[in-house]
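These figures come from a predicted structure and were not determined experimentally.
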Amino acid sequence: QAQLVESGGGLVQAGGSLRLSCVASGMTFSRYAMSWYRQAPGKQRNLVGTISTGGSTNYADSVKGRFTISRDNAESTVFLQMNSLKPEDTAVYYCHAQYSVATLNYWGQGTQVTVSS
């Protein structure tokens, strides 16, 4: 059974940093492109960024230059380093795994990030 478990969220002041982790199990992690999404109260879930199986990354314009996605295939973990946080970054952050060949995808349970002004 595939599972994704996020951790590392919390409360931080504007301008601060957080590092989120997502640990995968029950799947061959290296075969999946991994993404981070976020959802603020009353809003749609939006893509934050993606890291491919080969390690290439792309980011939403709103976080480009501030956030960095990385992965450690040996530990089946994807990270989201968040710097220069802004109040508008406040959301529940979710990790997502996508295996395009099989059209398989999985979601984590989410971790809350709150940025105070």
Side-chain angles (χ1 to χ4, degrees):
Q1 181 179 347
Q3 290 187 344
L4 302 173
V5 180
E6 301 96 333
S7 63
L11 175 64
V12 65
Q13 291 186 343
S17 297
L18 283 174
R19 190 191 195 197
L20 306 184
S21 300
C22 174
V23 179
S25 61
M27 57 188 287
T28 304
F29 180 78
S30 62
R31 297 179 182 174
Y32 288 77
M34 300 297 300
S35 297
W36 287 95
Y37 288 76
R38 65 186 182 185
Q39 186 169 22
K43 297 184 179 180
Q44 296 293 318
R45 187 174 298 185
N46 294 320
L47 177 66
V48 174
T50 298
I51 185 165
S52 73
T53 57
S56 62
T57 55
N58 60 77
Y59 303 92
D61 287 342
S62 58
V63 307
K64 195 172 299 180
R66 300 187 298 120
F67 290 10
T68 303
I69 298 172
S70 60
R71 66 190 296 162
D72 184 343
N73 287 342
E75 298 295 330
S76 297
T77 303
V78 62
F79 303 95
L80 179 64
Q81 178 67 46
M82 304 185 294
N83 299 326
S84 302
L85 282 162
K86 305 174 181 179
E88 51 262 45
D89 295 320
T90 295
V92 176
Y93 284 71
Y94 299 89
C95 65
H96 176 263
Q98 176 69 56
Y99 183 34
S100 60
V101 173
T103 318
L104 295 175
N105 65 97
Y106 304 97
W107 290 96
Q109 85 290 345
T111 185
Q112 176 71 49
V113 171
T114 303
V115 184
S116 65
S117 60

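Residues that satisfy the side-chain contact (heavy atoms from CB on, under 4.5 Å) test with L11, not counting sequence neighbours, are T114, S116. The side-chain contact (heavy atoms from CB on, under 4.5 Å) search around A102 returns Y99, L104, not counting sequence neighbours. In this structure, R45 has no salt bridge (Lys or Arg N to Asp or Glu O under 4.0 Å) partners at least two apart in sequence or on a different chain. Applying the side-chain contact (heavy atoms from CB on, under 4.5 Å) criterion to S30, with sequence neighbours excluded, gives T28, N73.
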N/O donor to acceptor pairs below 3.5 angstrom from side-chain atoms of residues 78-86, sequence neighbours left out:
residue	atom	partner	partner atom	Å
Q81	NE2	N83	OD1	3.0
N83	OD1	S17	OG	2.9

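Residues G8 and L18 approach most closely at O-CD2, 3.8 Å, considering heavy atoms. Across all non-hydrogen atoms, the minimal contact from M27 to A97 is CE-CB, 3.7 Å. V63 and V48 make their closest contact through CG2-O, 3.6 Å (heavy atoms, listed as atom of the first residue, atom of the second, distance). For the residue pair K64 and Y59, the shortest heavy atom distance occurs at CE-O, 3.6 Å. Among all heavy-atom pairs drawn from L4 and A24, the shortest one is CD2-CB, 3.5 Å.
The hydrophobic cluster containing Y37, built from Ile/Leu/Val/Met/Phe/Trp/Tyr side-chain heavy atoms closer than 4.5 Å, also comprises L47, V92, Y94, W107.
Summarising the geometry, atom OG belonging to S52 is positioned 10.5 Å from atom CD1 belonging to I69; distances are rounded to the nearest 0.5 Å. Here F67 contributes atom CZ and W36 contributes atom CH2; the two are 11.0 Å apart, rounded to the nearest 0.5 Å. With rounding to the nearest 0.5 Å, the separation of OG in S76 from CE in M34 is 9.5 Å. The CD atom of Q98 lies 10.0 Å from the OH atom of Y106; values are rounded to the nearest 0.5 Å.
Counting only residues at least two apart or in different chains, disulfide (SG to SG under 2.5 Å) contacts with residues 39-81 are absent. Here disulfide (SG to SG under 2.5 Å) pairs that include residues 31-77, with residues two or more places apart or in two chains, number zero. Sorted by first and then second residue, the salt bridge (Lys or Arg N to Asp or Glu O under 4.0 Å) pairs involving residues 22-40 (not counting sequence neighbours) are R38-D89. Every pair passing disulfide (SG to SG under 2.5 Å) that includes a residue from residues 17-117 is listed here, sequence neighbours excluded: C22-C95. Within the structure, no pair that satisfies the disulfide (SG to SG under 2.5 Å) test touches residues 43-88, not counting sequence neighbours. Residue pairs meeting the salt bridge (Lys or Arg N to Asp or Glu O under 4.0 Å) criterion with at least one partner in residues 91-117, sequence neighbours excluded, are absent.
Heavy-atom contacts from other residues, nucleotides or ligands closer than 6.0 Å to CD of E75 number 12 or fewer. Taking a 6.0 Å sphere around CD of Q13, one finds it holds 12 or fewer heavy atoms contributed by other residues, nucleotides or ligands.
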Trace of the side-chain contact (heavy atoms from CB on, under 4.5 Å) decision for T90 with Q112: CA-CA 8 Å; T90 295; Q112 176 71 49; 4.1 Å; yes

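Side-chain atoms of E6 come within 3.5 Å of backbone N or O of Q109 as a donor-acceptor pair.
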